[in-house]
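Here the structure comes first, spelled out in structure tokens, and everything after it is commentary.
All heavy atoms count here, side chains included; hydrogens, waters and symmetry mates do not.
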Amino acid sequence: MASVAKTGAEALRNAPFRVGKKQIFLPNHVITFVRPLPKQPPNLATFIVPLEFNKLDLRDYLYHVYNVEVTGVRSFVNQRMHEQRHGGVGNWRRPKSQKMMIAELAKPFVWPKPPAEDAREAFDHAMWKKQNAAQKQDTKFQSIRAQGEVVPPSQFEVTKDRKAIKARQSKFLSGEETWAPGKVNAFLNSKIVPEEEGWSEVEENMPLDESAEVAAEESSSKGSETRQ
């Protein structure tokens, strides 16, 4: 703790500007670093800040948290466009305004290039695309229902996962396969995995440690006393 306090004191003494004396230990504001436009120079950084933020707040925040010096800050407020609630079927409203700030950095910062399409699997990009498509489809049908129209189930897209589940269900109903408890089924890449590859036995009769056995005996004895 002493080293941290010493480092903070040195940062205050070496600050290129006059710092305030008010300390904030548990801030609840959210600051978003936005990817720059294609022709934006690397010494300009764009942030989305709370409406109550001012230029000095952003300057002190970048210096004290990230040790980033700025030579100037410009701010502006974006008025949001009107939109309808509940996916375009509710009342019209204007969302809350958005405040943005552009900081001139003393040292330029170059954003890394976005990962390629094949390199996004480590970030569950395929799952995100499925969820995004399902959410858009659900929003579309909700807006249709809100207008009083009936959407038949035949218009819903049948996904690969549902087809795989239906195929497995038909095998269970026909007796071709039997289901047994204590096994876990795995669906990989929306394909039915063979039994020898996709089933894993769940370990049973696991030995408990002494503390767990004592706790189990005490709970059972208390339960029997209560019933008496």
Side-chain angles (χ1 to χ4, degrees), residues 17 19-20 22-117 119-153 155-157 159 161-162:
F17 50 86
V19 298
K22 182 179 180 180
Q23 297 181 352
I24 301 177
F25 298 96
L26 297 174
N28 57 358
H29 50 257
V30 178
I31 299 176
T32 306
F33 188 17
V34 183
R35 182 176 287 272
L37 298 176
K39 295 184 179 181
Q40 184 172 332
N43 65 325
L44 297 181
T46 307
F47 299 91
I48 300 176
V49 299
L51 287 174
E52 60 272 11
F53 244 54
N54 55 38
K55 300 178 181 180
L56 300 180
D57 292 333
L58 181 63
R59 181 198 64 177
D60 294 351
Y61 170 80
L62 294 177
Y63 180 76
H64 291 297
V65 178
Y66 299 103
N67 196 22
V68 174
E69 297 183 14
V70 299
T71 58
V73 180
R74 289 173 285 177
S75 64
F76 54 93
V77 178
N78 289 329
Q79 298 292 337
R80 312 293 289 275
M81 297 294 294
H82 289 83
E83 65 179 17
Q84 282 185 286
R85 300 176 184 267
H86 310 298
V89 296
N91 298 329
W92 284 91
R93 70 180 184 97
R94 180 189 289 274
K96 187 177 180 180
S97 300
Q98 185 183 66
K99 189 171 186 178
M100 303 187 70
M101 291 188 179
I102 299 178
E104 298 180 11
L105 306 178
K107 297 180 180 180
F109 174 79
V110 179
W111 273 71
K113 295 182 178 180
E117 189 71 22
R120 299 179 184 180
E121 296 300 330
F123 304 98
D124 293 336
H125 185 63
M127 179 62 67
W128 176 84
K129 290 196 298 185
K130 288 183 179 180
Q131 292 178 350
N132 192 27
Q135 184 177 6
K136 289 182 178 180
Q137 184 182 17
D138 186 62
T139 304
K140 174 184 176 182
F141 286 123
Q142 283 184 2
S143 61
I144 294 175
R145 293 193 189 98
Q147 296 175 2
E149 300 181 10
V150 179
V151 182
Q155 293 189 10
F156 287 91
E157 181 182 1
T159 61
D161 295 336
R162 294 184 64 87

Q40: what forms a side-chain contact (heavy atoms from CB on, under 4.5 Å) with it, not counting sequence neighbours?
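So Q40 forms a side-chain contact (heavy atoms from CB on, under 4.5 Å) with P36, L37, L44, T46.
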
In chain order, what residues pass the side-chain contact (heavy atoms from CB on, under 4.5 Å) check against F33, with sequence neighbours excluded?
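Partners of F33 by the side-chain contact (heavy atoms from CB on, under 4.5 Å) criterion, ordered by chain and then number, come out as A45, F47, F109, W111.
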
Where do [X] and [Y] come nearest, in terms of heavy atoms and distance?
X	Y	result
R120	P114	NH2-CB, 4.5 Å
R80	K96	CG-O, 3.0 Å
R35	P112	NH1-O, 3.2 Å
K99	P50	CD-O, 3.7 Å
A103	L62	CB-CD1, 4.3 Å

Please report the interatomic distance [atom1]([X]) to [atom2]([Y]), rounded to the nearest 0.5 Å.
X	Y	atom1	atom2	result
H125	K130	NE2	NZ	12.5 Å
L58	M101	CG	CE	6.0 Å
K129	N132	NZ	CG	10.5 Å
H82	N91	NE2	CG	12.5 Å
F53	H29	CZ	NE2	4.0 Å

Polar side-chain atom of D60 near backbone of D57 as donor-acceptor pair, under 3.5 Å:
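Checked: no pair found.
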
Donor-acceptor contacts, no H, no angles, side chain residues 68-79, under 3.5 Å, sequence neighbours left out:
unit_1: T71; atom_1: OG1; unit_2: E104; atom_2: O; d: 3.3
unit_1: Q79; atom_1: OE1; unit_2: S97; atom_2: OG; d: 3.2

How far apart are the C-alpha atoms of I48 and V34, what are their side-chain angles, what is the distance that settles it, and do they pass the side-chain contact (heavy atoms from CB on, under 4.5 Å) test?
CA-CA 7 Å; I48 300 176; V34 183; 3.6 Å; yes

Does some side-chain heavy atom of Y66 sit less than 4.5 Å from a side-chain heavy atom of Y61?
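Sidechains of Y66 and Y61: in contact.
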
Taking the side chain as every heavy atom from C-beta outward, state whether Q131 and M127 have any atom pair closer than 4.5 Å.
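A side-chain contact under 4.5 Å exists here.
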
